[in-house]
Amino acid sequence: MKSKLIALTVCLSLFLTSCDVVDDLLTFSISNEASIKINSTSPINLPSEIITPEVTTNSSSEFENNKTKANLVKDVKLRSLKLAISDPSDKTFTFLKSIHLYISTTESNEIELAYQENISTTANSIDLICTDKRLDEYIKADSYKIRTKVTLKETLTKDVTVKANMKFRVTADPL
């Protein structure tokens, strides 16, 4: 009886491990970038909204490169979202109190993508906290919109341009 229990445990472990290995083989990353311009006229300690131009996903070619199609994608999640100040090059995030990024498409409701509260860094790049929302319908779309809500803690004397580098983890079934 003891040997049957051990054999069953080993078989179950192998099965579960092999499922993880298969998922890893069918998982890949997609990167997208958006530019966010924070105007020097933004109010201090009050949230202000910034709408970015539509981001083209180029997902169909990414799916093809990874030997899958949009209808076989079963899970997309944001793995990382890093903000970096691109202009002015000597600016740091000391001016920023909080930031929230939202994603939407013409067919899908807006959901929160990532955020950071109580920002206290002297660096010119920060990593945001990613939500665990499923993003399948947004990444499968031809394009999506990013809406940003920022709260400043100091006056800006010049507009600040921030690049948002997004990395999505995609799991799909093979062709």
Side-chain angles (χ1 to χ4, degrees), residues 23-87 91 93 95-119 124-152 156 158-175:
D23 265 359
D24 286 344
L25 290 173
L26 302 174
T27 300
F28 56 95
S29 292
I30 292 179
S31 296
N32 281 324
E33 192 175 89
S35 185
I36 303 165
K37 184 177 180 182
I38 303 171
N39 293 322
S40 58
T41 57
S42 298
I44 298 175
N45 289 322
L46 291 174
S48 59
E49 294 187 7
I50 303 161
I51 307 293
T52 63
E54 284 194 358
V55 177
T56 304
T57 62
N58 199 26
S59 57
S60 56
S61 65
E62 289 283 349
F63 296 153
E64 191 175 307
N65 290 343
N66 287 282
K67 299 177 180 31
T68 193
K69 295 180 182 175
N71 63 333
L72 298 174
V73 170
K74 60 183 183 181
D75 188 34
V76 178
K77 298 227 171 138
L78 184 64
R79 207 169 92 209
S80 69
L81 199 155
K82 184 175 194 133
L83 300 179
I85 297 174
S86 59
D87 185 46
K91 188 72 175 162
F93 278 105
F95 70 93
L96 197 58
K97 183 176 185 177
S98 68
I99 187 163
H100 292 258
L101 274 73
Y102 302 87
I103 189 171
S104 65
T105 67
T106 52
E107 282 86 39
S108 304
N109 292 331
E110 180 180 81
I111 60 170
E112 188 168 25
L113 192 59
Y115 64 94
Q116 189 66 265
E117 294 282 339
N118 302 315
I119 299 169
N124 67 349
S125 67
I126 57 173
D127 291 313
L128 300 190
I129 299 166
C130 301
T131 63
D132 64 349
K133 304 264 174 51
R134 288 185 62 148
L135 302 169
D136 306 25
E137 57 193 284
Y138 303 92
I139 298 304
K140 288 179 185 180
D142 292 333
S143 64
Y144 56 80
K145 291 180 185 166
I146 297 288
R147 181 177 65 87
T148 307
K149 185 170 77 171
V150 297
T151 304
L152 304 182
L156 292 175
K158 188 175 175 183
D159 293 349
V160 176
T161 303
V162 176
K163 294 285 184 197
N165 185 1
M166 301 166 272
K167 292 193 189 300
F168 299 93
R169 179 180 167 268
V170 180
T171 302
D173 289 329
L175 287 179

Check: [Y] and [X] side chains under 4.5 Å, non-hydrogen atoms:
| X | Y | value |
| --- | --- | --- |
| R79 | S29 | yes |
| T148 | Y102 | no |
| F28 | F63 | yes |
| F95 | I119 | no |
| E33 | K163 | yes |
| L135 | L113 | yes |
| K149 | I99 | no |

Cut-off 3.5 Å, side chains only: do [X] and [Y] have a donor facing an acceptor?
| X | Y | value |
| --- | --- | --- |
| T131 | E112 | no |
| S86 | T161 | no |
| E117 | H100 | yes |

Inter-residue atom distance [X].[atom1] - [Y].[atom2], 0.5 Å rounding:
| X | Y | atom1 | atom2 | answer |
| --- | --- | --- | --- | --- |
| Q116 | C130 | CD | SG | 10.0 Å |
| S98 | N118 | OG | CG | 8.0 Å |
| T57 | K140 | OG1 | NZ | 12.0 Å |
| E107 | Y144 | CD | OH | 15.5 Å |
| I126 | F93 | CD1 | CZ | 4.5 Å |
| L81 | F168 | CG | CZ | 7.5 Å |

Side-chain ([X]) to main-chain ([Y]) donor-acceptor, under 3.5 angstrom:
| X | Y | result |
| --- | --- | --- |
| T105 | S108 | yes |
| S59 | I139 | yes |
| S125 | L83 | no |
| S61 | N58 | yes |

Taking everything shown except [X] itself, do over 12 heavy atoms lie less than 6.0 Å from its [atom1]?
| X | atom1 | answer |
| --- | --- | --- |
| K145 | NZ | no |
| K97 | NZ | no |
| N109 | CG | no |
| D127 | CG | yes |

query = How close do I85 and K91 get, heavy atom to heavy atom, and via which atoms?
reply =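 Of all heavy-atom pairs spanning I85 and K91, the closest is CD1-O, 3.5 Å.
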inquiry  = To check you understand the geometry: which heavy-atom pair defines the closest contact between L78 and K167, and what is its length?
reply    =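 Reported closest heavy-atom pair: CD1-O, 3.5 Å.
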ask   = Would K74 and D173 pass as an ion pair if we require N to O under 4.0 Å?
value =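 Result for this pair is yes, salt bridge flagged.
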Per-pair distances, 0.1 Å, donor-acceptor, side chain in residues 36-55, under 3.5 Å, sequence neighbours excluded:
unit_1, atom_1, unit_2, atom_2, d
S40, OG, D159, OD1, 3.3
S42, OG, N39, O, 2.9
E49, OE1, R147, NH1, 3.4
E49, OE2, R147, NH1, 3.0
T52, OG1, I146, O, 3.0
E54, OE1, S143, OG, 2.8

ask   = What residues form a salt bridge (charged side-chain N to carboxylate O under 4.0 Å, His left out) with R134, not counting sequence neighbours?
value =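 Listed in chain order: D75, D136.
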